[in-house]
Structure formats: structure tokens, C-alpha cells
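For reference, the structure discussed in these notes is given below.
None of these values were measured; they are calculated from a predicted model.
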Amino acid sequence: MSSPTPDALLGPADVRELATALGVRPTKQRGQNFVIDANTVRRIVRTAQVRPDDVVVEVGPGLGSLTLALLEVADRVTAVEIDDVLAAALPATIAARMPERAGRFALVHSDAMHVGELPGPPPTALVANLPYNVAVPVLLHMLATFPSIERTLVMVQSEVADRLAAAPGSKVYGVPSVKANWYAEVKRAGAIGRNVFWPAPNVDSGLVALTRRTEPIKTTAARSEVFAVVDAAFAQRRKTLRAALAGWAGSAAGAEAALVAAGVSPQARGESLTVEEFAAIAENKQATGQETQATGQETQAAGKDAQATGQGTPAAGQGTPAAGSETQAAAPSARYAAEHEESE
């Protein structure tokens, strides 16, 4: 790997000059806050433990500050950018500032939430300064879509970082915590000051590191089924699980049955459960549902037997008119005998 030029990374003046040339003004709608400090992007790359053989995917590269730092180390970098102007300009920035690595760079001009495949080898790492307004959905989508991603480091709003890395029992433990933990081991990996961005955000930022689970959660329930339980449990997080999951299970009794079968107290709340326990609940909804279905099928079968038995009763009753017919047939014979006796 050839060494990049010493001044290849973007500084504050470079970022503003690029933005002015492109007519770019960072927008809150897309959560755009550009990193202007070279030391910060190099720190992010180090913290992400990017290796020379890594294929890195970056979401929201913006003007290319982090992209250039990643290209200093990684084998390949694929950037996903939704903004038309930024997407059009980024390849030229890479070619101008790091020409020896330009062949190792690829751009995907798309909304990250709609990306289903990437050019080149499968990504091994995700490193990104995620737009704060869509950080969690984008992170979960990328982890679900690209199972080859082994390591992830994202910079997000500090509050979101706390939620992603929260453990059961924490006040900020919730849907992002559980869903991220479905895919990976999650931890806080540092804080980022406001003065390294342009424009400076009104909130603090934090780094979150995720290491893909070597073995997936052991469950027969599908991910969508487990996530449905998680969503239901935290939609009414102050309620007990028996009450919070009533809609999901069809009734409070159904929720209690699934909880008891999973070994979870119906009086517990979602914030105390691990991802494995949520999976067990989803799995036992399947089991209790199958039992109910089997019972219903037995009831239906019994009903058919009763119907068949009921159909046999009219057949026996149909013999009565036949006997009446015989009596009716015997009446003329008796009358004939009486008349015959009289004539004699």
C-alpha cells in the first residue's frame, strides 16, 4: 500500500473551501455536521481498529473528512451518500487529495435505508459519522443487510450512544439497546467534542463500538418476531409485560402464558429483560399458539364426529314411516277378512 500525501486529510479551511465551491450549506434536515479536525478522524479510525485488509462501508461521508482517513488504512472504502451535490463531488475530492488510493474507493449514491447490496467484496467493517436524525434505523439496517460486517464504530448523538450501549435495568435501556444487542456486543467507545464539527451541533457526540456476535442468539423465533415483542414491551414501558404484551399476544392471558412458558415473570417490565429473554417470549408465543391451534383442530374434529352421529339418527327415524306403511298396508287386508266373514 502506497503512503498518502501528508496533507491529504481535510482541515477546517479545506472543509469550508470545498463547501463554498459546491454551494453546500449543511442542513438540519439531513443531520449534516461536517468533521473539520484531522486528529479526530484518525482517532475514529484507530478506535474502529481498521486493518489493512478491511473493506469498510461508510454512511454519510459528506465532504470526505472521514473517508480520506479510512483510505489511509483500509484496503477498500465504499461510501453511501444520499445528497446529490456531495455524492457528485466526493470522487473528485478523493482523486485530488489521495490519487494513489482512488482506485480503492467506490461511491453508492443512495439512501442508506434502501441499500441492499454494495459493489466489490463484502464489507468487513462499518465506520461512520451517522446523521443524528436517522442514526439508529440506518445502523440496524446495515447490520441486518450485511452480515459480513464484523466490527462497527459509529459516531452518534451522545444520548443515542448511551441508549445503544445500555444494559438491562438502566433507565435508558430500550428498543435500540435490545435490537443492537441482537446483532452484536455493544459498548461506548469515547466522547467527541462539539468544536470538531462545522457547524457545531447543539448536542454532544459519542462513539459506539459494536462487535458482531460470533454465534447468533439461539432461538427458533425469527428476528421480526423477536423485534415485535421488543416494540410491544417498550411501547408501554411503565406497564407490566402481562399488560404491555396483551395486544401482541391477543389477550393478557395469552401474554401471561407466553411469559410463564419463557420463564419470565408476567409482572416484570421490558427494561429488565435481556435480548435472549425477549427471544424466548417470542418463541413461546409460537408454542402456545400451536397448542391453541391443535386444541381448536381437536374441537373441530369432535364437532364433525357429533355431526356424523346426528346424521345417523334421522336414518333410524326414517324406519318409522316404513313401519307405518306396513300398518297402513295391513288395514285393507283386515277389512277384506271382515267383509269375507260377513258374506259367508
Return the minimal non-hydrogen interatomic distance between [X] and [Y], and the atom names on each side.
X    : Y    : answer
A221 : A279 : CB-O, 4.2 Å
A165 : R188 : CB-N, 3.8 Å
A96  : P99  : O-CD, 4.0 Å
A249 : A255 : CB-N, 3.3 Å
R269 : R237 : CD-O, 3.8 Å
P91  : F105 : CA-CE2, 4.2 Å

TODO: Report whether V260 and L245 are members of the same hydrophobic cluster (ILVMFWY, side-chain heavy atoms less than 4.5 Å apart, transitive linking).
DONE: no

Task: Verify same cluster id: Y132, V172 (apolar side-chain graph, 4.5 Å) - done: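 No.
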
Does any non-hydrogen side-chain atom of [Y] lie less than 4.5 Å from one of [X]?
X    : Y    : result
Y183 : M142 : no
P122 : V55  : no
T93  : M98  : no
I44  : M155 : yes
V108 : P119 : yes
V115 : T145 : no
P199 : N33  : yes
L66  : V35  : no

Answer yes or no: is there a donor N or O on one side and an acceptor on the other, between the side chain of [X] and the main chain of [Y], under 3.5 Å?
X    : Y    : answer
S148 : T124 : no
K179 : V136 : no
D162 : E159 : no
R242 : Q267 : no
R97  : A8   : yes
E81  : G62  : yes
Y173 : L273 : yes

- [ ] Classify the ring geometry between F278 and F234 as parallel (under 30°), tilted (30 to 60°) or perpendicular (over 60°).
- [x]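 F278 vs F234 ring planes: tilted.
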
Which distance, rounded to the nearest 0.5 Å, do you find between the [atom1] of [X] and the [atom2] of [Y]?
X    : Y    : atom1 : atom2 : answer
L210 : R212 : CG    : CZ    : 9.5 Å
R101 : L68  : CZ    : CG    : 11.5 Å
L241 : S272 : CG    : OG    : 6.5 Å
N195 : D37  : CG    : CG    : 7.5 Å
R16  : L10  : CZ    : CG    : 12.5 Å
L259 : N284 : CG    : CG    : 9.0 Å

Open item on the list: Go through it in stages, so that I can follow the logic: the residues are V138 and M113, the test is side-chain contact (heavy atoms from CB on, under 4.5 Å), and I'd like the CA-CA distance, side-chain angles, deciding distance and then a yes or no.
Closed with: CA-CA 6 Å; V138 168; M113 291 297 293; 3.9 Å; yes

TODO: Would you please test V154 and V59 for side-chain contact (heavy atoms from CB on, under 4.5 Å) and show each step?
DONE: CA-CA 9 Å; V154 291; V59 175; over 6 Å; no

Task: N202 vs R194, side chain to side chain donor-acceptor pair (under 3.5 Å): CA-CA, chis, key distance, verdict - done: CA-CA 8 Å; N202 296 323; R194 303 182 188 190; 5.6 Å; no

- [ ] Go through the steps to decide whether R43 and V196 satisfy the test side-chain contact (heavy atoms from CB on, under 4.5 Å), and finish with yes or no.
- [x] CA-CA 12 Å; R43 174 192 164 194; V196 302; over 6 Å; no

Task: Within 6.0 Å of CD in Q49, more than 12 heavy atoms from elsewhere - done: no

Task: Option passing side-chain contact (heavy atoms from CB on, under 4.5 Å) with V45 (candidates V56, T40, L153, V73) - done: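 The option that passes is V73.
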
Open item on the list: Here's a test for you: under side-chain contact (heavy atoms from CB on, under 4.5 Å), which of V57, T78, D54 qualifies with P123?
Closed with: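 Option passing the side-chain contact (heavy atoms from CB on, under 4.5 Å) with P123: V57.
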
Task: Derivation and outcome, side-chain contact (heavy atoms from CB on, under 4.5 Å), residues D84 and H109 - done: CA-CA 8 Å; D84 295 340; H109 181 197; 2.8 Å; yes

